[in-house]
Novice: 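Mind looking over this structure? Questions follow.
Computed from a predicted structure; not experimentally measured. Order of listing sets the numbers, starting from 1, for every ligand and every atom in it. One-based numbering along the sequence shown.
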Amino acid sequence: MTHHLADRTQPATPAAGQAAPAEAHSARELTPDWWRGAVIYQVYPRSFADADGDGMGDLPGIRARLPHLADLGVDAVWLSPFYASPQADAGYDVSDYRAIDPMFGTLDDATALIDDAHGLGLRVIVDLVPNHSSDQHVWFRQALREGPGSTMRSRYHFRPGKGESGELPPNDWESIFGGPAWTRTTDPDGTPGEWYLHLFAPEQPDFDWNSPEVREEFRSVLRFWLDRGVDGFRIDVAHGMVKAEGLPDMGRAGQLKLLGNQQLPFFDQDGVHEIYRDWRTILDAYPGERIGVAEAWTPSEDRTALYLRPDELHQAFNFHYLNTGWNAAELRRVIDSSLDAMRPVGAPTTWVLSNHDVVRHRTRLGEVPGRDRAASLLMLALPGSAYVYQGEELGLPEVTDLPDEVRQDPSFFKDNGQDGLRDGCRVPLPWTREGTSLGFGTGGSWLPQPASWGELSVEAQTGDPSSTLELYRSALAVRREHPALGAGSGVEWLTAPEGVLAFRRTAEGGAAFVCAVNTNDVPVELTAGLAEGTVLLSSGPYDGSGVLPADTTVWWTA
Ligand code: GLC
């Protein structure tokens, strides 16, 4: 099956389901390296739009709302998992990698969604979860039945326990969600049996990537989705598939952090790179530059760069940047070290501020008016690709007062689990000012939306030049028109007062672009010569006087 992409340089946006004219296709299809400066929008299917009114988002809902994404001006969409799953970890526990969970729709819905997106000039990246399956996956269920020593058990990490009667876990590894990373099985005759490894919830047993069957299965899953036209994969826990030989103790106690950067015997092992070299040959065998995006938490930017060698993956989320506070010196340091780390492998840096696992950046940065908008304009001015998490274009805050009884994040239910705040960034989007679930669907929403979100809805913000939605639309439009944004691999720092970040970027043969960010909570007079040229965009009111208001970013062209 071949899919064509509409040319996004054409201003007209065809309606969902309607393909762009044939002549428009070729330019986009031939765009080399489309991903290097791409802005990619993360859709969290449960919470984007609900077409069938069951309170849970679904694929037809996403399909109907694709024009919002085309109008926003993003280049691609990444969809969090929609596969068959018992939903022990919101779909990151997959029981069938080739099927759609009925709560999200059907395989035909998925194909129609991919086709519609392409018709609107949007590429589609799907989530791939290769570190673990669901405990309801047919392989794991069979492994339990077949017992110790079976071929099926060799596809997961089953081990006898320690202690006199195997009553202790095989090693000291902890689950990211809290508690031991091992669960003991019960043999068919009812006696306690072997233990199995799960770095996440007990319902998410880890595959053993030493198994040739596991490797072959994922090659086949990649091809299954590539054949359906997807433009790439976001690879879940991309640093986790290979474990240190012999599964040695980690040798210390203490809670692990999701998006942490600890050095551990089950993360960032060198053996994982062989898998990506293998996958790259599969991706490259398809036309149109299909990409791999690593969710890899590593101890350093240099370790992250290894995933992006020319024969491995294309992008890796920059979590070092996401974890940096609102501090000019710190931001400059992490921007420099990230760009420096990527240069030797020739990969773009991939900036990100929010996703479905972290507190939304508006709240993380302290709920200071305008600060999230200033942070967004900084991110969108940096060279490389950027990911936008659904709702950040509306300036949504984290919902911090969800009642316990509606929570679904598995880590919330563990005594010493991680912060348990992941539900607060997953609350369904508000599309309209009023109505049941604010236009999310016709039947409520699986997590309650704050009543105040009507004023943050797409409807309320559209056409209001001071809204965050219009800021993102303008920023992405400028990014499209201005070649110095997104492309390239470096920034030229300019002299600026304390607490202000200022840099210039110049595209080959193009005009210079200047970005200045005031991270101070007071206005600052910019250094002479800095605030010259035409203002392209500002994250808050700016009068052109050279005095940059608190928590504000301004873009100029010279
Ligand atoms: C990744 C996902 C997260 C999930 C975990 C286990 O970190 O982003 O949501 O819980 O992997 O699959």
Side-chain angles (χ1 to χ4, degrees), residues 40 42-48 57 78-95 97 101 125-137 140 156 173-179 181 183 197-207 209 218 221 233-241 243 255-262 264 266-268 272 292-298 304 307 315-319 322-323 350 352-360 387 389-390 398 407-414 417-427 447:
I40 302 179
Q42 180 186 359
V43 166
Y44 194 65
R46 297 174 143 239
S47 306
F48 191 69
W78 149 36
L79 299 155
S80 278
F82 44 61
Y83 312 108
S85 161
Q87 306 288 324
D89 184 20
Y92 283 95
D93 49 318
V94 180
S95 55
Y97 291 86
D101 198 280
I125 291 168
V126 294
D127 223 301
L128 186 73
V129 191
N131 180 68
H132 44 263
S133 70
S134 158
D135 63 347
Q136 297 307 308
H137 190 285
F140 190 76
Y156 294 90
W173 294 3
E174 300 266 327
S175 151
I176 309 293
F177 292 155
T183 290
L197 175 70
H198 52 86
L199 293 181
F200 295 88
E203 296 87 350
Q204 294 167 295
D206 280 48
F207 283 117
W209 276 81
F218 276 92
V221 170
F233 300 90
R234 176 267 189 187
I235 299 151
D236 189 62
V237 198
H239 56 311
M241 283 115 90
K243 277 72 181 174
Q255 181 55 43
L256 305 174
K257 249 178 85 68
L258 193 65
L259 306 188
N261 53 8
Q262 307 100 319
L264 295 161
F266 43 81
F267 282 159
D268 195 33
V272 83
V293 186
E295 185 220 13
W297 333 321
T298 70
T304 303
Y307 292 76
Q315 300 182 331
F317 296 106
N318 187 343
F319 294 130
L322 183 149
N323 283 324
T350 298
V352 58
L353 288 170
S354 287
N355 66 33
H356 66 294
D357 289 328
V358 299
V359 174
R360 283 187 176 277
Y387 278 71
Y389 176 50
Q390 67 175 40
E398 183 81 4
R407 292 202 179 256
Q408 297 206 5
D409 181 354
S411 68
F412 183 75
F413 301 98
K414 291 280 178 188
Q418 52 135 252
D419 54 27
L421 277 176
R422 292 193 305 172
D423 289 315
C425 61
R426 299 174 177 181
V427 173
L447 288 173

Novice: Give the atoms of ligand 1, by number and element, whose distance to some non-hydrogen atom of Asp89 is under 4.0 Å.
Specialist: 4 (C), 5 (C), 6 (C), 10 (O), 12 (O)

Novice: Please list, in number order, the atoms of ligand 1 under 4.0 Å from a heavy atom of Phe177.
Specialist: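 Answer for ligand 1: 10 (O).
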
Novice: Whether the side chain of Glu203 engages the backbone of Asp135 through a donor-acceptor N/O pair (distance < 3.5 Å, no angle test) should be reported.
Specialist: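 Absent.
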
Novice: Counting each atom of ligand 1 from 1 as listed, which ones have a heavy atom of Val237 under 4.0 Å away?
Specialist: 11 (O)

Novice: Which atoms of ligand 1 have any heavy atom of His132 under 4.0 Å away?
Specialist: 6 (C), 12 (O)

Novice: Using modelled atom types only, decide if a donor and an acceptor are shared between the side chain of Gln87 and the backbone of Gln408 within a distance under 3.5 Å.
Specialist: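 No: the side chain of Gln87 does not pair with the backbone of Gln408.
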
Novice: Examine the side chains of Tyr387 and Asn318 and answer whether a donor and an acceptor come within less than 3.5 Å of each other.
Specialist: no

Novice: Under a 3.5 Å distance rule, please check whether Ser95 uses its side chain to pair with a backbone N or O of Ser134 as donor and acceptor.
Specialist: no

Novice: Show the atoms of ligand 1 that are less than 4.0 angstrom away from any heavy atom in Arg426.
Specialist: 9 (O)

Novice: Just go through Asp236, Asn131, Asp93 and tell me whose heavy atom is the nearest to atom 2 (C) of ligand 1.
Specialist: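 Nearest option to atom 2 (C) of ligand 1, by heavy atoms: Asp236.
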
Novice: Find all atoms of ligand 1 within a distance of less than 4.0 Å from any non-hydrogen atom belonging to His356, and give their numbers and elements.
Specialist: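 Counting from 1, the qualifying ligand atoms are 2 (C), 3 (C), 8 (O), 9 (O).
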
Novice: Quick check: Phe218 with Trp209 (ring centres under 6.0 Å apart)?
Specialist: yes

Novice: Out of curiosity, is Arg234 lining ligand 1, as in a heavy atom under 4.0 Å away?
Specialist: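 Yes, that is the case, since the closest heavy atom of the residue is under 4.0 Å from the ligand.
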
Novice: Looking at Glu295, which atoms of ligand 1 are within less than 4.0 Å of one of its heavy atoms?
Specialist: 1 (C), 7 (O), 8 (O)

Novice: For the pair Asp236 and Arg234, evaluate salt bridge (Lys or Arg N to Asp or Glu O under 4.0 Å) and give the outcome as yes or no after the intermediate values.
Specialist: CA-CA 6 Å; Asp236 189 62; Arg234 176 267 189 187; 2.7 Å; yes

Novice: Under the ring-ring contact (aromatic ring centres under 6.0 Å, His included) rule, collect the residues that match up with Tyr389, sequence neighbours excluded.
Specialist: none

Novice: What atoms of ligand 1 come within less than 4.0 Å of a heavy atom belonging to Arg422?
Specialist: 3 (C), 4 (C), 9 (O), 10 (O)

Novice: Going by the rule salt bridge (charged side-chain N to carboxylate O under 4.0 Å, His left out), which residues pair with Asp206 if we only count those two or more places apart in sequence or in a different chain?
Specialist: Lys243

Novice: Does any N or O of ligand 1 fall below 3.5 Å from an N or O anywhere on Trp297, backbone included?
Specialist: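 Not met; the criterion fails.
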
